[in-house]
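Down below is the structure, laid out as structure tokens.
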Amino acid sequence: MRDAVTVRLGGADYRLLPTFAVADAFEDRHGSLMAHLQRLVDLSATMNQRGTLLLEAMRAAYVDEGKSPDRLELSAMKQRIFDAGMWSEAMLQAEFELCERLLYTPEQYLEKKAMREQQAEASAQLAAMMEDFAPSSEPQAQP
């Protein structure tokens with residue numbers, strides 16, 4: 001079983017469950033999940049695409065919890081996305097994580113996450129080193 005992802009929409013936290021049915025429903029309507037990840041990066045994903053992905057994952061979570069997903073509608077999900085800030089960092093991170101959890105096995109996901117964290121740490125160390133070598137903006141005293 002793949003781990004759920006939590007996303008904050010409209011002031012409430014929602015559990016999103018990555019399942020085969022979610023991937024299948026999304027790809028039937030909007031094409032590949034890999035292409036969707038690229039659309040998220042390019043900031044070109046539509047509200048329909050983003051709403052469908054989150055809605056299907058929320059429906060899967062409702063079923064997993066023994067609740068009826070019948071009340072969940074695409075128009076309401078799109079409104080939640082809009083209210084939360086269409087391109088908010090937290091929302092994008094949740095969508096990226098959901099896509100990755102759909103695309104990769106749990107082991108592969110953890111491996112990729114660890115690699116990203118190592119790369120981020122190395123980049124931060126490099127930036128700190130570059131800052132140490134940056135010329136001072138203070139004028140030098142003339143002898």
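All heavy atoms count here, side chains included; hydrogens, waters and symmetry mates do not. All residue numbers refer to positions in the sequence shown, counting from 1.
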Minimal non-hydrogen separation, P69 against V63, with atom names: CG-CG2, 3.8 Å
Same apolar cluster (I L V M F W Y, side chains within < 4.5 Å links), L103/L17: no
Salt bridge (charged side-chain N to carboxylate O under 4.0 Å, His left out) against R101, all qualifying residues, sequence neighbours excluded: D3, E97
Nearest non-hydrogen partners of C99 and L53, listed with the distance: SG-CD2, 3.6 Å
Contacts of E65 that satisfy salt bridge (charged side-chain N to carboxylate O under 4.0 Å, His left out) - sequence neighbours left out: R15, K67
Greater than 12 external heavy atoms within 6.0 Å of M34's CE: no
Spatial distance of atom CG (L54) from atom CG (L9) [nearest 0.5 Å]: 6.5 Å
Spatial distance of atom CG (L55) from atom OG (S75) [nearest 0.5 Å]: 9.5 Å
Nearest heavy atoms of Y109 and Y104, plus distance in Å: N-CB, 3.9 Å
Contact check, side chains of R71 and Y62, non-hydrogen atoms, under 4.5 Å: yes
Non-neighbouring partners of R8 that pass salt bridge (charged side-chain N to carboxylate O under 4.0 Å, His left out), sequence neighbours left out: D13
Where at least one partner belongs to residues 109-121, residue pairs that pass salt bridge (charged side-chain N to carboxylate O under 4.0 Å, His left out), sequence neighbours excluded: E100-R116
For the student: nearest non-hydrogen atoms of V5 and A94, plus distance: CG1-O, 3.7 Å
Gap between atom CG of L102 and atom CG of D24 - 0.5 Å precision: 11.0 Å
Atom of A4, atom of P18 and distance for their closest heavy-atom approach: CA-CD, 4.0 Å
Distance (rounded to the nearest 0.5 Å) between D70 CG and R59 CZ: 8.0 Å
Partner residues of F96 under the side chain to side chain contact (heavy atoms under 4.5 Å, CB included) criterion, sequence neighbours left out: L37, L40, V41, L92
With sequence neighbours excluded, residues passing salt bridge (charged side-chain N to carboxylate O under 4.0 Å, His left out) with E95: R50
Distance (rounded to the nearest 0.5 Å) between M58 CE and D64 CG: 14.0 Å
Qualifying salt bridge (charged side-chain N to carboxylate O under 4.0 Å, His left out) pairs, either residue in residues 28-39, two or more places apart: R29-E56
Verify same cluster id: L43, F82 (apolar side-chain graph, 4.5 Å): yes
Joint hydrophobic cluster, V22 plus M91, side-chain heavy atoms closer than 4.5 Å: yes
side-chain hydrogen bond (donor to acceptor under 3.5 Å, both in side chains) partners of N48, counting only residues at least two apart: K78
Qualifying residues under side-chain hydrogen bond (donor to acceptor under 3.5 Å, both in side chains), relative to Y14, sequence neighbours excluded: R80
Qualifying residues under side chain to side chain contact (heavy atoms under 4.5 Å, CB included), relative to E27, sequence neighbours excluded: S32, L33
Straight-line distance of Q119 CD to L126 CG, nearest 0.5 Å: 13.0 Å
Test ring pair (Phe, Tyr, Trp, His ring centres under 6.0 Å) applied to F26 - qualifying residues, sequence neighbours left out: H30, H36
side-chain hydrogen bond (donor to acceptor under 3.5 Å, both in side chains) against E73, all qualifying residues, sequence neighbours excluded: none
